*Asks:* 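Before I ask anything, here is the structure I am working with.
Note: hydrogens, waters and symmetry copies are ignored here, and every other heavy atom, side chains too, is used. Remember, predicted model here, so these are calculated numbers, not experimental data. Counting from 1, the numbers follow the sequence of the chain as shown.
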Amino acid sequence: MEFNLKRVADFIHRADTEELLDRVTIYRAGMEPAALDLMEGELDRRGVTREEIANHNEERLVTAILLPDGTALRCSFCSRPAVIRARGWHKLFGRVPIIPRFFAYCQNHMQRDKQKKSSNSDANPGGEDES
């Protein structure tokens, strides 16, 4: 895969600060050195201090699931670090469960999944299938 510095720079300028912080801390081991330099420069431009970067790294190391290479497991639904793995179903057309599998959830998606499950149980308190 070719490293395109212009595309990376465009992405960095559009990315939100939290994503840049994740990439220079918890995903650092998997990043190109030139991309890291650009990201750190962008964080400096946005006024993020080295202390804030270090604090972000400490927070992520406490909650994230780390892989053997030292990087964090990514959420199955976004690029944030996963904080929990749970069994679920791969669904055909988003409705028909066909293959059991594990999903990785970041803090945001874990909360959304809990809300979705609780709203489904509220709508269907008996637990019967709605056919």
*Asks:* Enter the distance from Lys91:NZ to Arg101:CZ here, rounded to the nearest 0.5 Å.
*Replies:*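 Lys91 atom NZ to Arg101 atom CZ measures 12.0 Å (nearest 0.5 Å).
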*Asks:* Any ring-ring contact (aromatic ring centres under 6.0 Å, His included) involving residues 40-98? Give me the pairs, sequence neighbours left out, ordered by first then second residue.
*Replies:*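 Non-adjacent pairs meeting ring-ring contact (aromatic ring centres under 6.0 Å, His included): Phe77-Phe103, Phe77-Tyr105, Phe77-His109.
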*Asks:* Give the intermediate values and the outcome of side chain to side chain contact (heavy atoms under 4.5 Å, CB included) for residues Glu32 and Val8.
*Replies:* CA-CA 10 Å; Glu32 291 283 338; Val8 172; over 6 Å; no
*Asks:* Heavy atoms, side chains only, cut-off 4.5 Å: are Thr63 and Gln107 in contact?
*Replies:*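 A side-chain contact is absent here, since even the closest heavy-atom pair is not under 4.5 Å.
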*Asks:* Count the heavy atoms belonging to other residues, nucleotides or ligands that lie under 6.0 Å from CD of Glu51, then report whether that count exceeds 12.
*Replies:*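 Counting neighbours around CD of Glu51, 12 or fewer heavy atoms of other residues, nucleotides or ligands fall under 6.0 Å, so no.
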*Asks:* Mind checking whether Leu61 and Val48 sit in one hydrophobic cluster, side chains of I, L, V, M, F, W, Y counted as touching below 4.5 Å?
*Replies:*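 In one cluster with Leu61: Val48, no.
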*Asks:* Decide whether Tyr27 and Val24 are clustered together by the hydrophobic rule: side chain heavy atoms of Ile, Leu, Val, Met, Phe, Trp, Tyr closer than 4.5 Å, transitively.
*Replies:*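 Different clusters.
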*Asks:* For a quick test of reading the model, state the closest non-hydrogen atom pair linking Arg80 to Cys106 and the distance between them.
*Replies:*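 Taking every non-hydrogen atom into account, CB-CB, 3.7 Å.
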*Asks:* What about Val83 and Leu66, same hydrophobic cluster or not, with Ile/Leu/Val/Met/Phe/Trp/Tyr joined at side-chain heavy-atom distances under 4.5 Å?
*Replies:*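 No, Val83 does not connect to Leu66 through the hydrophobic network.
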*Asks:* Is Phe11 reachable from Ile26 through a run of I, L, V, M, F, W or Y residues, each pair having side-chain heavy atoms under 4.5 Å apart?
*Replies:*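 No.
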*Asks:* At what distance, to the nearest 0.5 angstrom, does CG of Asp22 lie from CZ of Arg28?
*Replies:*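 Rounded to the nearest 0.5 Å, the CG-CZ separation comes out at 13.0 Å.
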*Asks:* Say you draw a straight line from CG of Leu21 to CZ of Arg23; how long is it, rounded to the nearest 0.5 Å?
*Replies:*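 Rounded to the nearest 0.5 Å, the CG-CZ separation comes to 12.0 Å.
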*Asks:* Same cluster or not: are Met39 and Leu5 linked, directly or through other Ile, Leu, Val, Met, Phe, Trp or Tyr residues, by side-chain heavy atoms under 4.5 angstrom apart?
*Replies:*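 Yes, it is one cluster - the side chains of Met39 and Leu5 are joined through contacts under 4.5 Å.
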*Asks:* In Å, rounded to the nearest 0.5 Å, how long is the span from CZ of Arg45 to CD1 of Ile12?
*Replies:*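 CD1 of Ile12 is found 11.0 Å from CZ of Arg45.
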*Asks:* State which residues pass salt bridge (Lys or Arg N to Asp or Glu O under 4.0 Å) with Arg7; sequence neighbours excluded, sorted by chain then number.
*Replies:*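 In terms of salt bridge (Lys or Arg N to Asp or Glu O under 4.0 Å), with neighbours along the sequence ignored, Arg7 is linked to no residue.
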*Asks:* Quick one: CG on Leu36 to CG on Leu20, what's the gap to the nearest 0.5 Å?
*Replies:*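 So the CG of Leu36 and the CG of Leu20 are separated by 10.5 Å.
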*Asks:* What I want to find out is whether Arg14 reaches Glu19 closely enough, with some N-O distance under 4.0 Å, to be called a salt bridge.
*Replies:*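 Here Arg14 does not pair with Glu19 in a salt bridge, since their nearest N and O are not under 4.0 Å apart.
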*Asks:* Taking all atoms of both residues into account, what is the closest heavy-atom pair of Pro100 and Arg87, and its distance?
*Replies:*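 Minimum heavy-atom contact is CB-NH2, 3.4 Å.
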*Asks:* Determine, stepwise, if the pair Thr25 / Arg60 fulfils side-chain hydrogen bond (donor to acceptor under 3.5 Å, both in side chains).
*Replies:* CA-CA 8 Å; Thr25 57; Arg60 289 295 198 224; over 6 Å; no
